[in-house]
Amino acid sequence: METNKIYNENCLDTMKRMKDNFVDYTLTSPPYNIGGNNMNDNSRIEKTKNNKESKYKNLYNNYDDDNTNYKENQFKIINELLRVTKNHIFYNIQMLGGNKEFFFDFISAYKKNIKDIIIWSKNPIPHINKGVINSSFEFVIILSNQNPEKKTFKDGNFKGNFNNIIKLKKTYINKYSQYHKAVMQIGLARTIINKFGDESNVWYDCFNGIGTTSIAAIKEKRKFIGSEISENYIKISKERIKQEINQIKLF
């Protein structure tokens, strides 16, 4: 398999071709399992603010399903990630109504693989419904193949200066919100990648989305591999890399 490449396919198909411990790290943010609400647009054709047809068509929710199928699918993926990831898996997830039951099942099922938990503290968006508490944080669950029962990260690039609560100094502006509203912030991805391993490492994102992990890896001088079933998201990823890093030659 090639590095610095995003594969247009189901991540389980990508990982089938990977040997054990093929990538050094995984950093990913799975779908929320919230179906067709305003976090993603299930429409056949996206529209811009001017109601013109977008160049990115047929965007859809990847793996969003009823809770049973969502859980089965995620567990299959996590099991494969544990096989192909040499060091640690950083699994960014926000607990919402659609994945609440899954979240607690996940914590219970993989309790022996969880090495630590990071809290990503963010500026909350006010909830539109009365009586709902604003969500101002997300979890980054760290599953590990390197002594998960111990707190020490032997590959950690820190000593007393890295907290388990990450609060970004700058507010991220998502320029592609009309196509993908639930985008991991680049600052979070860069912080995690920078704190672990070195420039020889390969970082994998099984839900590549619009390329945040890929871009963060490039900026931190690491290699990357991505899997994404939406061809349109891959097009956006390439556009982002071209605009933000000017390294379109990677593709």
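Scope of the values below: all heavy atoms of this structure, side chains included, with no hydrogens, waters or symmetry mates.
- Taking CG from Asn113 and CD1 from Ile107, the interatomic distance works out to 11.0 Å, rounded to the nearest 0.5 Å.
- Atom-to-atom distance recorded for Thr152:OG1 and Gln146:CD is 12.5 Å, nearest 0.5 angstrom.
- Looking at every heavy atom in both residues, Met184 comes nearest to Ala189 through SD-CB, 3.8 Å.
- The salt bridge (Lys or Arg N to Asp or Glu O under 4.0 Å) search around Glu2 returns Lys5, not counting sequence neighbours.
- Side-chain atoms of Asp24 come within 3.5 Å of backbone atoms of Val202 as a donor-acceptor pair (strictly under, hydrogens ignored).
- Looking at heavy atoms from C-beta onward, Gln185 lies in side-chain contact with Leu168 at the 4.5 angstrom threshold.
- Partners of Tyr91 according to the ring-ring contact (aromatic ring centres under 6.0 Å, His included) rule, which considers only residues two or more places apart in sequence or in another chain, are Phe106.
- Residues forming a salt bridge (Lys or Arg N to Asp or Glu O under 4.0 Å) with Asp155 (at least two apart in sequence, or on another chain): none.
- Using a distance-only test at 3.5 Å, with no hydrogens or angles considered, a donor-acceptor pair links the side chain of Thr191 to the main chain of Gly187.
- Looking only at side-chain heavy atoms (C-beta outward), Asp105 and Glu101 come within less than 4.5 Å of each other.
- Scanning for side chain to side chain donor-acceptor pair (under 3.5 Å) contacts around Lys19 gives an empty result, with sequence neighbours left out.
- Note on ring orientation: taking the six-membered ring where Trp is involved, the planes of Phe102 and Tyr70 are perpendicular (angle over 60°, cut-offs 30° and 60°).
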*asked:* Would His88 and Leu143 count as a side-chain contact (heavy atoms from CB on, under 4.5 Å) here? Give the steps.
replied: CA-CA 6 Å; His88 319 302; Leu143 300 102; over 6 Å; no

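- Judged by the 6.0 Å distance and 45° axis criteria, Arg222 is not positioned over the aromatic ring of Tyr25.
- Within 6.0 Å of NZ on Lys115 lie more than 12 heavy atoms contributed by other residues, nucleotides or ligands.
- Interatomic distance, CD1 of Ile6 versus CD1 of Ile234, reported as 6.0 Å (0.5 Å rounding).
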*asked:* Run Tyr110 and Ile141 through side-chain contact (heavy atoms from CB on, under 4.5 Å) and show every step you take.
replied: CA-CA 10 Å; Tyr110 293 95; Ile141 310 297; over 6 Å; no

*Trace of the side-chain contact (heavy atoms from CB on, under 4.5 Å) decision for Ile118 with Ile142*: CA-CA 8 Å; Ile118 292 172; Ile142 307 175; 3.9 Å; yes

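- Contact of the Ile119 side chain with the Asn164 side chain is not registered, since no non-hydrogen atoms from C-beta on lie closer than 4.5 Å.
- For the pair Ala216 and Ile193, the tightest heavy-atom approach, listed with the atom from each and the gap, is CB-CD1, 3.8 Å.
- Contact check for Asn145 versus Lys86: no side-chain heavy atoms found under the 4.5 Å cut-off.
- Listed by chain and number, the residues in a ring-ring contact (aromatic ring centres under 6.0 Å, His included) with Phe103 are Phe139 (sequence neighbours excluded).
- Sorted by first and then second residue, the pairs that involve residues 183-200 and meet salt bridge (Lys or Arg N to Asp or Glu O under 4.0 Å), not counting sequence neighbours, are Arg190-Glu220.
- Across all their heavy atoms, Ser237 and Gly211 have their closest contact at OG-N, 3.1 Å.
- Distance check, rounded to the nearest 0.5 Å: OG of Ser121 to CG of Leu188 gives 11.0 Å.
- In this structure, Arg17 contributes its side chain and Met1 its backbone to no donor-acceptor pair below 3.5 Å.
- Between the side chain of Asn157 and the main chain of Asn194, a donor-acceptor pair closer than 3.5 Å is present.
- Remark: Phe22 pairs with no residue by the ring-ring contact (aromatic ring centres under 6.0 Å, His included) rule, at least two apart or across chains.
- Every residue was checked against the side chain to side chain donor-acceptor pair (under 3.5 Å) condition with Asn21, not counting sequence neighbours, and none meets it.
- Between the CD1 atom in Ile78 and the NZ atom in Lys71 there is a gap of 11.0 Å [rounded to 0.5 Å].
- Remark: Arg83 pairs with Asp20, Glu80 by the salt bridge (Lys or Arg N to Asp or Glu O under 4.0 Å) rule, at least two apart or across chains.
- Asn92 meets the side chain to side chain donor-acceptor pair (under 3.5 Å) test with Ser29, Glu138; sequence neighbours excluded.
- Considering every non-hydrogen atom in both Phe158 and Asn161, the closest pair reads CB-OD1, 3.1 Å.
- Under a 3.5 Å cut-off, the side chain of Lys76 and the backbone N or O of Asn73 do not form any donor-acceptor pair.
- Side-chain contact, Ser214 with Asn208: a donor N or O sits under 3.5 Å from an acceptor N or O.
- The two residues Val84 and Met15 come nearest to each other via the heavy atoms CG2-SD, 3.9 Å.
- Cluster membership for Ile128 and Ile133, using ILVMFWY side-chain heavy atoms within less than 4.5 angstrom, is not shared.
- Side-chain atoms of Asn10 come within 3.5 Å of backbone atoms of Leu12 as a donor-acceptor pair (strictly under, hydrogens ignored).
- Between Phe196 and Phe90, the ring-plane angle classifies as tilted under the 30° and 60° cut-offs.
- Counting heavy-atom neighbours within 6.0 Å of Lys167 NZ, excluding the residue itself, gives a total above 12.
- We find the SG-CG distance between Cys11 and Asp205 to be 9.5 Å, quoted to the nearest 0.5 Å.
- Annotation: side chain of Ser227 is not in contact with side chain of Phe207 (no heavy-atom distance under 4.5 Å).
- Looking only at side-chain heavy atoms (C-beta outward), Met95 and Phe137 stay at 4.5 Å or farther from each other.
- Side chain of Glu228 to backbone of Gly209: a donor-acceptor contact under 3.5 angstrom is found.
- Heavy atoms only, all atoms of each residue included: Thr85 and Thr26 are closest at OG1-OG1, 2.9 Å.
- Counting heavy atoms from C-beta on, the side chains of Lys151 and Asp116 come closer than 4.5 Å.
- The salt bridge (Lys or Arg N to Asp or Glu O under 4.0 Å) check on Asp13 picks up Lys16, with sequence neighbours excluded.
- Under 3.5 Å, the side chains of Asn8 and Tyr233 contain no donor-acceptor pair of N or O atoms.
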_side-chain contact (heavy atoms from CB on, under 4.5 Å) for Thr28 and Tyr204? Distances and angles first, verdict last._
CA-CA 8 Å; Thr28 196; Tyr204 177 53; over 6 Å; no

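- Counting heavy atoms from C-beta on, the side chains of Lys238 and Lys242 never come closer than 4.5 Å.
- The side chain to side chain donor-acceptor pair (under 3.5 Å) search around Ser135 returns Gln94, not counting sequence neighbours.
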